[in-house]
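Letters go in sequence order (proteins before strands), and every chain restarts at 1.
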2 protein chains.
Amino acid sequence: MTDDSIDRPSRGRATGRVTMADVAALSGVSAITVSRALRHPDKVSPETRAKVQAAIDTLGYVPDLVAGSLASNQSHIVAAVVPTIGGTIFVDTVKGMADALREQGYQLLLGDSGYSLVEEAALVDAFLGRRPNGLILTGVHHEPSVRTRLAAAKVPVVEVWDVSDRPIDMVVGFSNFRAGYEMTAHLARRGYRKIGFAAGLTFGDQRSTERRRGYRTALEEFDLGPERALEVPEAAEFGRGREALVALLARYPDIDAAFFSSDVLAVGALFECQRRGWPVPDRIAIAGFGDFGIAAETIPALTTVRIPGREIGQRAAGMLLDRFAGGGAEPGTVLDLGFEVVARASA
Amino acid sequence: MTDDSIDRPSRGRATGRVTMADVAALSGVSAITVSRALRHPDKVSPETRAKVQAAIDTLGYVPDLVAGSLASNQSHIVAAVVPTIGGTIFVDTVKGMADALREQGYQLLLGDSGYSLVEEAALVDAFLGRRPNGLILTGVHHEPSVRTRLAAAKVPVVEVWDVSDRPIDMVVGFSNFRAGYEMTAHLARRGYRKIGFAAGLTFGDQRSTERRRGYRTALEEFDLGPERALEVPEAAEFGRGREALVALLARYPDIDAAFFSSDVLAVGALFECQRRGWPVPDRIAIAGFGDFGIAAETIPALTTVRIPGREIGQRAAGMLLDRFAGGGAEPGTVLDLGFEVVARASA
DNA sequence: TAGGTGTATGGTAGCGCTAACATGTGAGGG
DNA sequence: CCCTCACATGTTAGCGCTACCATACACCTA
């Protein structure tokens, strides 16, 4: 490779890059054969394949997927919008998606809506221009324009992290309502009677609201009186958990347990108890949501709700891949992967 | 919009989608004028612009960026490879990049190498096929093939999170060596004489190794004897911090301080101290790296090194955007954004 | 009046690839 | 010996958009 700077005089609009035509010329076959050698190797004789591969290596050819996408109307891209890539919360889901897609040669185009439905809609618009083969959205509530646009684009869509009666197309998730209910029921069974609840606003109105509905329903069923609830802005920071506990105690001084809509908040609250020298759960029980890595390590270890985050991502990707392969679930399919109350020492 | 399902019989290879030609026909101008109305509105009269916009709204036209990219040789995509999107560590950088790029109409294509250079090289190959306008890599050490490929592709590249004498193109980061040095020096100045060090392997051989070199250099300079170091696999989990402290104590029972290459490990170690009832920093001082949100909340609060993660991302994106605009920094530019030792109660 | 300058718009020809439809070849069957 | 049929490869014509160059016309200057 002594002369790797041949740089043909780029006449016209040519980009000066190595193209499939160059590979074809060097290997003495036509361009389409090169294309086939790359995309459908079984349709090309082994000898030809070898020649083509040799030329590719010599020239350092990198296929132009943009041109390929245009010609084949197949971008091999899946776009996904999550509320945040910052928190611990959606990371497993994103990784699950990305891994499953990469295995099949698809790439993930990721967007962060900052928990804003308006921003989500803007991202959907921007993504659709890239002609993705599929789309993944977090949550089941969206701007009205999103439904319209997606229907017009005829793209398979999976909504994740919740369940819905009326999916855009397919849904993979769990019932946030039942999760809120079950954790509250767990606390009730453990003997706590005055259960506080602190929800992060940023968790998206709807999913958080659903968990709160579950909490409220459990209160009624176990006859635990009116709700003792609070909303917390910017719930992704540990410091907010400390503030939330303080606020909760100020408003409902009698609480004997506090259920937080995120482990981050719950751990922050645990630190506040430690600061005050309050034994947990004897003075107050603390429960979280998410089962992040830290939950098992705190002292006392945190009682929380485990979400199949990675599996949600994998299954969402899998449903799309099945559709790409020509089959797949029918529109309207709802896959409920459930959740698990993990009882540790804190509640 | 009563008949939004016209669905022209898709003769030939037509995709059945609304194209620019449809918009042109409806608004009574040529396709190129529609293109200009979208890309260079100032080159089109206001009346024409309005007509075109009306047609776009009526038809629900979404421009095909794939076709646009091919024609203009401008994908408006920047690809980035980070070791992990899972940890807290690179999230700020990614957000900084994504925000800065989005403002200018560029999209971020994100890849996760799992701290593997081989995987990084594979991602670079896959990304180059999408003809990104720029590329961002984490770290300054890569597979040899990466340099070659990138040179051939003539794409602007920014390496981040470290500094280098021999960048591929541009670098934005800080000196991991000096960071390791300064934290160790801080501990020495506070009077600790037997300082242990636990490095996460997953932090990428090189960046972690650099910090360790800094640690060792400080030990020599302050005459603190031989290094008391340990390597930890899978350093992104809190539990590993506990294990690391246990291992460190087993091997070097005399240590009076422990410096961890990540706040995650340090917090895990803090929990272990709490479990043992050891007062920190009196029995042992604990220091971390990263200044994650939790560092300010633990009891005692964690002494750590603050990294300008978000700014690194923003500046990296900015350098690329400047290049796209025709100017920008010269190849070989190194931007050192520094770091800050944040002294809290734990050390 | 001729020529120059600026603005708005259009026609044409690709960008690099692949779908769809040839074409050519040799094996096997009647 | 011709006819199928399978297989390997080639030819052509786009995919939907934008770069490039041309054109048309208004307005100015000498």
Undergrad: Please tell me if B/T19 has a side-chain N or O lying less than 4.0 Å from either OP1 or OP2 of D/dG16.
TA: no
Undergrad: Tell me whether A/E119 is salt-bridged to B/R102, with the criterion being a basic N under 4.0 Å from an acidic carboxylate O.
TA: yes
Undergrad: Between A/Y61 and C/dG16, is there a contact of a side-chain N or O with OP1 or OP2 at under 4.0 Å?
TA: no
Undergrad: Can you tell me if A/S69 touches the phosphate of D/dC15, counting only side-chain N or O atoms and a distance under 4.0 Å to OP1 or OP2?
TA: no
Undergrad: Using OP1 and OP2 only, check whether a side-chain N or O of A/S30 sits under 4.0 Å from D/dT9.
TA: no
Undergrad: Does a nitrogen or oxygen in the side chain of A/S35 sit under 4.0 Å from OP1 or OP2 of C/dT18?
TA: yes
Undergrad: Out of B/V171, B/V160, B/V82, B/L150, which residue meets the side chain to side chain contact (heavy atoms under 4.5 Å, CB included) rule with B/L137?
TA: B/L150
Undergrad: Atom CG of A/D64 and atom C1' of C/dT18: how far apart are they, to the nearest Å?
TA: 12 Å
Undergrad: Could you give the NZ-to-C1' distance, from B/K43 to D/dT23, as a whole number of Å?
TA: 16 Å
Undergrad: Salt bridge between A/D169 and A/R323, side-chain N to carboxylate O under 4.0 Å?
TA: yes
Undergrad: Between C1' on C/dC15 and CD1 on B/I32, what's the gap in Å once rounded to a whole number?
TA: 14 Å
Undergrad: Should the pair B/F90 and B/W161 be assigned to parallel (<30°), tilted (30 to 60°) or perpendicular (>60°) ring geometry?
TA: perpendicular
Undergrad: Both B/V44 and B/A67 contact DNA chain C. Which one's nearest nucleotide lies toward the 5' end?
TA: B/V44
Undergrad: Without decimals, in angstroms, what is the distance between B/E47 CD and C/dT7 P?
TA: 15 Å
Undergrad: Respond yes when some side-chain nitrogen or oxygen of B/S45 is under 4.0 Å from OP1 or OP2 of C/dT9, and no when none is.
TA: yes
Undergrad: With a 4.0 Å cutoff (strictly under), does any side-chain N or O of A/R17 reach OP1 or OP2 of C/dG16?
TA: no
Undergrad: Rounding to an integer number of Å, can you tell me how far A/L70 CG sits from D/dT18 P?
TA: 12 Å
Undergrad: Below 4.0 angstrom, N of the basic side chain to O of the carboxylate: do B/D99 and B/R310 qualify?
TA: yes
Undergrad: How many Å lie between CG on B/L65 and P on D/dG16, as a whole number?
TA: 14 Å
Undergrad: Between D/dT18, D/dA19, C/dC17, which nucleotide has the shortest distance from any of its atoms to the side chain of B/H40?
TA: D/dA19
Undergrad: Calculate the interatomic distance between B/R49 atom CZ and C/dA8 atom P; express it in whole Å.
TA: 9 Å
Undergrad: If each of B/S72 and B/P46 is mapped to the nucleotide of DNA chain C with the nearest heavy atom, which maps nearer the 5' terminus, i.e. the 5' end?
TA: B/P46
Undergrad: Measure from CG on A/L38 to C1' on C/dG16 and round the result to the nearest Å.
TA: 13 Å
Undergrad: Checking contacts here: which listed nucleotide (C/dG14, D/dT9, D/dG14) is nearest the side-chain heavy atoms of A/T48?
TA: D/dT9
Undergrad: Taking for each residue the nucleotide of DNA chain D bearing the nearest heavy atom, is the 5' side occupied by B/V62 or by B/R36?
TA: B/V62
